[in-house]
Amino acid sequence: MKTSGKNQLVRGEIESAAEEPRVLCIVQDTTNAKTVNERLTLNLPASTTVSKLYEDVAHKAGYANGTFCLAWANTGAMVRVLPCPSKQTKTLVRLLKNMHNFTDSSGLDDSSQGRFIGPLPRDGTVGCSSDYSSPSYSYSSILNKSETGYVGLVNQAMTCYLNSLLQTLFMTPEFRNALYNWEFEESEEDPVISIPYQLKRLFVLLQTSKKRAIETTDVTRSFGWDSSEAWQQHDVQELCRVMFDALEQKWKQTEQADLINQLYQGKLKDYVRCLECGYESWRIDTYLDIPLVIRPFGASQAFGSVEEALQAFIQPETLDGPNQYFCERCKKKCDARKGLRFLHFPYLLTLQLKRFDFDYTTMHRIKLNDRMTFPEELDMSPFIDVEDEKSPQTESCTDSGAENEGSCHSDQMSNDFSTDDAVDEGICLDNTSSAERVLKPKSSLTFELFSVMVHSGSAAGGHYYACIKSFSDSQWYSFNDQHVSKVSQLASVLKEYSTNAYMLMYRLKDPSRNAKFLEVEDFPEHIKRLVQREKESEEQEKRQREIERNTCKIKLFCMHPVKMMMTENKLEVHKDKTLREATEMAYKLMDLDGVVPLDCCRLVKYDEFHEYLERSYEGEEDMPMGLLLGGVKSSYMFDLLLEIRRPDQVFQPYKPGEVMVKVHVVDLKSESIAAPVSVRAYLNQTITEFKQLIAQATGLCAETMRVVLERCYNDLRLLYVPNKTLKAEGFFRSNKVFVESSDSTDHQAAFTDSVLWKLLDRHGNTIRLFVSLPELSPGSLANRTSCPKQQHQQQSSSTSDSQKSSEHSDFEHIESPAQEPDAASQPSQTENSTRAASDTENQFPSEERSDSDVNNDRSTSSVDSDILSSSHSSDTLCNADSGPLPLANGLDSHSITSSRRSKAHKGKKETWDTAEEDSGTDSEYDENGKSKADAQYLYFKAEPYSQEDGSGEGQKCLLVHVDKRITLAAFKQNLEPFVGVPSTQFKVFRVYANNQEFESVRLNETLSSFSDDNKITIRLGRALKKGEYRVKVYQLLVNDPEPCKFLLETVFAKGMTVRQSKEELLPQLKDQCKMDISIDRFRLRKKTWKNPGTVFLDYHVYEEDINISSNWEVFLEVLEEPERMKSMSQLAVLTRRWCPAQMNLEAFREVVLESSSVEELKEKLSELSGIPLENLEFAKGRGTFPCDMSVLEIHQDLDWNPKVSTLNVWPLYICDDGAVIFYRDSTEELMELSEEERNELMKKESSRLLKTGHRVSYSPRKEKALKIYLDGGPTKDPGQD
């Protein structure tokens, strides 16, 4: 077996001057479609011989040496086969020199590196593959024109077929000149939708642009295509035909009206000649291209050349036997000869090689890669019939003119599998017609090849490119999207592309007609004006690119002094602008004019991730930004911050190597934590020196100062070793510390037992929540507010928590307002009232769902699963009330407790026998919020406020500050005074994005998954107890159009039997659904979306035999007879008889099987229907219940009578109750329908299935037809869906 490969050789990198150069060889195996994407990489010394290269490739690819060949695919010429390995001792470096004209022995010159001829074949779809990797391409590569002098076209996505055709038309002098001579009248048509104008503009750019490649988006926009069309894959011959039709329509009543026909249209005669009397019936057809068969139908051998295919094209066939022709003269059926004769060849001859075929064995499209040679000069005189120019008057003649849109009508030509009869192709026109063209006098019929459009790849996909001859210098060029390169020899074109050439274009050799390209100086005046406009536009674009190339683009941040929030923007500044000018630009960009003076602003180097000020630029105000930022780059590893100072402040210098520290001052008396003050320190500073630095910034006493470093979230570390450096303590770029300086005895306590630690612990774990209370809650507003004593005690700590969620900028030096806690807390409350002003119940219309429904996991909630580990504890005192409020667990309202450190939790963790134990959480609190170890206190503070707009008189909201380690049960108990009902009588819903609500039901889980400013909605209703689950009950109506009907919502408990749940359902069904049924006349069964599943037997126990989860759903099915399901070994299936003679389906009937035997199923169906066992066939339904499908498809589309003995194997896989089985009598014939009856039935079925939400057909999606819209955009076709 002989295979071929393609090989890319690239200069290897030289480690040192003395080291031998190496060559990187990338080998692609193009043996077959399976290996076409494989690459072999060899890194060989430059002295390696070609013979050794063959050996290495053979060894790595697993081929026998001598059974394959390697081809060079990176030269400026055509692809060359490397020399035979047995006769070659050439080294790779010598081969490189010969191939690329090396300037030295170390590498390639610049010109050779950019050359590229053909693409590597890739799998995809016809037209262009989405995974096709073209040669390396970037925007900068299209800025400079190719050394060939020709300009490429950018591939929008999959428009390589368009690029190939456009380059061919551009390189056709007669077409290009005619397009230039046509003058566009802007007053008559919008230039954006004018196809000829956009083509002309594109051709002008191809001829005059200095770019390497230009875009085709303006051309495709004139076609009426949007961006999605760039991802559609089409055939280049189809595009040619459709575009020519569109140009003819656009050029009506102009000098170019007949241009396409003059250049591309030929004529042929389609005839039938009687072999008895010689009578001939014929008609004349026109064509724009000649489709040539590569391999005749049923033949194993392909035609070897274009000449053979042309001869076969006009070869007549004999009509005899049953195919005899009725002769008008003989008045009987006679043997006849039918065929085609060419009457006239066009000036530009287009040949389509039909490489895409259909394999009836595999029922797949295939591509024929058979070799078909084509000559440089093609003599068409043997294929024209001179005698047929004038036909006998006795013959029957019909002239079809151009009614067939330029297509040839013959058996061979109509065998084109790339079209679909069911889809209109071509331009969108109401009617197309043109007069018959007069036959041209004959001249020489020698045609010269000037364009080869190549399709590389398979029938599943590939890539188009073109090799085109220039009539200016007779040089061949390869146009491969944006890459244009020379082809050194014509022979390589004729040989290499004989296996994948798809369209050939020839021009008649006639010196009197052969035109030359218009030179720029010969352009018509309107073209010269167009050239000037495009030149100015290109120069403007070039200047803009130059500006872009010298513009520094960097992220800019600023803490806005009015908005009090960090704002972000992008600063674009020319590299030559000074820092002072850049600061002024940033000042205007951040809209600070009139807010702060310009001299109060400066730019500093900033690290957004660590919130770290890296350095300031003192004394560098006149330095260019390009030098300051380290050059113009696509991205920077740092950002800029526009820092703002107060008029009475002085900017602090920031030096490289410093670390930034946010210092929070803690006041133990008021239990407040101030906003941060920013200081800068060095990593080699000691703790003593660091305390002195803080003392200068805050005014605290350094001798009594305690410094606590928060290394990560809530990981507190007391810095008590005086001589230890900041680096040793774990300081980094940006750090956060808490400092306290007082004379209290708290210094003497261990840090984890100190008041400071407890205050910081509470600060780190307290979150702010917005709680919407129920609108119709019993009790007045007074009942929902805390009593004076409670409010008074809570206000002492309100400052720290209200400020926690709205900390000020780290770059503003603001003194702590801890001395005035009441004044500090008021703004925070006002702000929070504003944020929650819109939290009315109308904002939360979603149905009630549980957290566990977020991911449909019965054991793990996606929102409540982050439970605090047992290593966290706290001794922080919570709130106190004016009097104990008796709760269900016997605790007072102020005695809810927690702990933070493991030292306070030494008891063994219990395993609670609840549904929540499966969640995998590790809470250290029980369902009532009580610690499993010691009783400690958790922080809870609520502030009621009303809506600002006054809407919803009964709707009230709470701003709650709470320790997130509190359990849901304890949280609900704290909310009882505000809701006005016990915690068991209201439910908690967490509000997510888009106001989606999910019920939180796991009482022993903490609020650790909540974060600041989360929203919670309280709704009245019975809350779930331990081990209970909310269940939605739907009625299953198997024979109704809508088989799933919601009935009610109820509660099932763990350990309850199915019969007990049915007993509890009976009164609810009677009261809420008006259903009075006996307990033995209905069943419960599993519900999976719309599909009925396992039948639950009365003795089944929830959580033991039946898995149950929050917001569970079940089916209730009313029985017409006593329950027949008694054991789990039984199988209940739903059966439905198909009656083909009546084209209808009978109602569902349940069949209960004792086993999974197919034989038992058939016996039960035979007994049920009366169909003899040997005639009974069955099939499993498709899709979701009720597995509905069109009656026109059931008989053929289902997999009838599968060859299996049991139901639980492939392809049935029936292992659970509820499967749908269709069955039929195999002897019953399908009803015969007329076309009218079929269409009427199809409409009824389509309407019925659309109402039920089932699809009408299983037919695969058809390929989108190529259309060009003359009005600039697609219009709705009433004949199409």
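Any value given below was found using the heavy atoms of this structure, including those in side chains, with hydrogens, waters and symmetry copies removed.
When all heavy atoms of Leu179 and Trp251 are compared, the pair lying nearest together is CD1-CZ2, 3.4 Å. The minimum heavy-atom distance linking Gln198 with Pro191 is given by the pair NE2-O, 2.7 Å. Smallest separation of non-hydrogen atoms from Pro524 and Leu518: CD-CD1, 4.4 Å. In plain terms, the two heavy atoms of Thr159 and Asn155 that are nearest each other are N-OD1, 2.9 Å. Between Ile195 and Ala246, the closest heavy-atom pair is CD1-CB, 4.0 Å. Across all non-hydrogen atoms, the minimal contact from Leu165 to Cys240 is CD2-CA, 3.6 Å.
A donor-acceptor pair is defined here as one N or O able to donate and one able to accept, closer than 3.5 Å; no such pair exists between the side chain of Arg365 and the backbone of Asp357. Counting only distance, with no hydrogens or angles, the side chain of His526 and the backbone of Trp182 share a donor-acceptor pair below 3.5 Å. Remark: the backbone N or O of Leu368 is paired with a side-chain donor or acceptor of Arg355 at under 3.5 angstrom. Side-chain atoms of Lys555 never come within 3.5 Å of backbone atoms of Asn569 as a donor-acceptor pair (strictly under, hydrogens ignored). Side chain of Ser164 to backbone of Cys160: a donor-acceptor contact under 3.5 angstrom is found. Between the side chain of Lys553 and the main chain of Leu571, no donor-acceptor pair closer than 3.5 Å is present. Side-chain atoms of Glu572 never come within 3.5 Å of backbone atoms of Cys552 as a donor-acceptor pair (strictly under, hydrogens ignored). With hydrogens and angles disregarded, no donor-acceptor distance shorter than 3.5 Å links the side chain of Asp258 to the backbone of Asn261. Between the side chain of Ser194 and the backbone N or O of Asp190 there is no donor-acceptor pair closer than 3.5 Å. Looking only at distances, no side-chain donor or acceptor of Ser537 sits under 3.5 Å from a matching main-chain atom of Arg533.
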task: Decide side chain to side chain contact (heavy atoms under 4.5 Å, CB included) for Thr350 and Leu288; before the verdict, give the C-alpha distance in whole Å, the side-chain angles of both, and the deciding distance to 0.1 Å.
output: CA-CA 7 Å; Thr350 304; Leu288 295 178; over 6 Å; no

message: Let's go through Lys1243 and Glu1240 carefully: what are the C-alpha distance in whole Å and the side-chain angles of both, what is the deciding distance for salt bridge (Lys or Arg N to Asp or Glu O under 4.0 Å) to 0.1 Å, and is it a yes or a no?
response: CA-CA 5 Å; Lys1243 290 179 181 178; Glu1240 186 65 25; 5.1 Å; no

- request: I would like to know whether Glu546 and Arg549 meet salt bridge (Lys or Arg N to Asp or Glu O under 4.0 Å); could you show each step before the answer?
  value: CA-CA 5 Å; Glu546 188 65 27; Arg549 191 181 293 112; 2.6 Å; yes

task: Show your working on salt bridge (Lys or Arg N to Asp or Glu O under 4.0 Å) between Glu229 and Lys1267 and close with a plain yes or no.
output: CA-CA 10 Å; Glu229 289 288 345; Lys1267 291 179 181 289; over 6 Å; no

task: Please lay out, stage by stage, how Glu538 and Ser209 fare under the test side chain to side chain donor-acceptor pair (under 3.5 Å).
output: CA-CA 8 Å; Glu538 194 167 302; Ser209 176; 3.0 Å; yes

- request: List the steps, then state whether side chain to side chain contact (heavy atoms under 4.5 Å, CB included) holds for Phe223 with Met243.
  value: CA-CA 9 Å; Phe223 291 171; Met243 191 167 72; 3.7 Å; yes

field: Residue pair Gln156, Thr217: steps toward the side chain to side chain donor-acceptor pair (under 3.5 Å) verdict
entry: CA-CA 8 Å; Gln156 295 182 36; Thr217 50; 5.5 Å; no

field: Steps toward side chain to side chain contact (heavy atoms under 4.5 Å, CB included) verdict (Leu1266, Leu239)
entry: CA-CA 7 Å; Leu1266 189 150; Leu239 172 68; 4.0 Å; yes

Candidate pair Gln532 and Glu536, rule side chain to side chain donor-acceptor pair (under 3.5 Å), full reasoning: CA-CA 6 Å; Gln532 184 62 29; Glu536 292 173 358; 3.2 Å; yes

- request: Take Lys535 and Glu539 through the salt bridge (Lys or Arg N to Asp or Glu O under 4.0 Å) test and state the conclusion after the steps.
  value: CA-CA 6 Å; Lys535 184 177 180 181; Glu539 288 297 324; over 6 Å; no

message: Quick one, Gln352 with Tyr502, criterion side chain to side chain donor-acceptor pair (under 3.5 Å). Give me CA distance, side-chain angles, the key distance, then yes/no.
response: CA-CA 6 Å; Gln352 181 204 3; Tyr502 187 65; 3.1 Å; yes

query: Should Leu153 and Glu215 be marked as a side chain to side chain contact (heavy atoms under 4.5 Å, CB included) after you check the CA-CA gap, both sets of side-chain angles, and the distance that decides it?
result: CA-CA 6 Å; Leu153 295 174; Glu215 299 280 352; over 6 Å; no

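Considering only heavy atoms from C-beta on, Phe203 comes within 4.5 Å of Leu169 through its side chain. Taking the side chain as every heavy atom from C-beta outward, Arg201 and Asp218 approach each other to under 4.5 Å. Annotation: side chain of Met171 is not in contact with side chain of Ser451 (no heavy-atom distance under 4.5 Å). Side-chain contact check for Gln207 versus Val151: every heavy-atom pair is 4.5 Å or farther apart. In this structure, the side chains of Asp481 and Val154 stay at 4.5 Å or more apart for every pair of heavy atoms. In this structure, the side chains of Leu1192 and Met1242 come closer than 4.5 Å at one or more pairs of heavy atoms. Looking only at side-chain heavy atoms (C-beta outward), His463 and Asn480 come within less than 4.5 Å of each other. Side-chain atoms of Ile527 and Lys200, non-hydrogen and from C-beta on, do get closer than 4.5 Å to each other.
Relative to the six-membered ring of Phe517, Arg176 meets both conditions, a distance below 6.0 Å and an angle of at most 45° to the axis.
Checked for salt-bridge contact, Glu1245 and Arg1248 meet the test: a charged N lies under 4.0 Å from a carboxylate O. Between Glu147 and Lys486 no salt bridge is recorded (no basic side-chain N to carboxylate O distance below 4.0 Å). Residues Glu541 and Arg545 are paired through a salt bridge, judged by an N-O separation under 4.0 Å between the basic side chain and the carboxylate.
Ring geometry for Phe471 against Phe450 counts as tilted: the plane angle lies between 30° and 60°, on a 0 to 90° scale. Ring geometry for Tyr465 against Tyr497 counts as perpendicular: the plane angle is over 60°, on a 0 to 90° scale with 30° as the lower cut. Under the 30°/60° scheme for interplanar angles, the aromatic rings of His234 and Trp225 are found to be tilted.
Aromatic pair His455/Phe356: ring centres closer than 6.0 Å. Residues Tyr150 and Phe479 bring their aromatic ring centres within 6.0 Å. Here the two rings, on Phe523 and Tyr180, have centers that are under 6.0 Å apart.
Residue-environment remark: NZ (Lys528) exceeds the threshold of 12 foreign heavy atoms within 6.0 Å.
Tyr347 and Glu174 share a donor-acceptor pair across their side chains, judged by distance under 3.5 Å alone.
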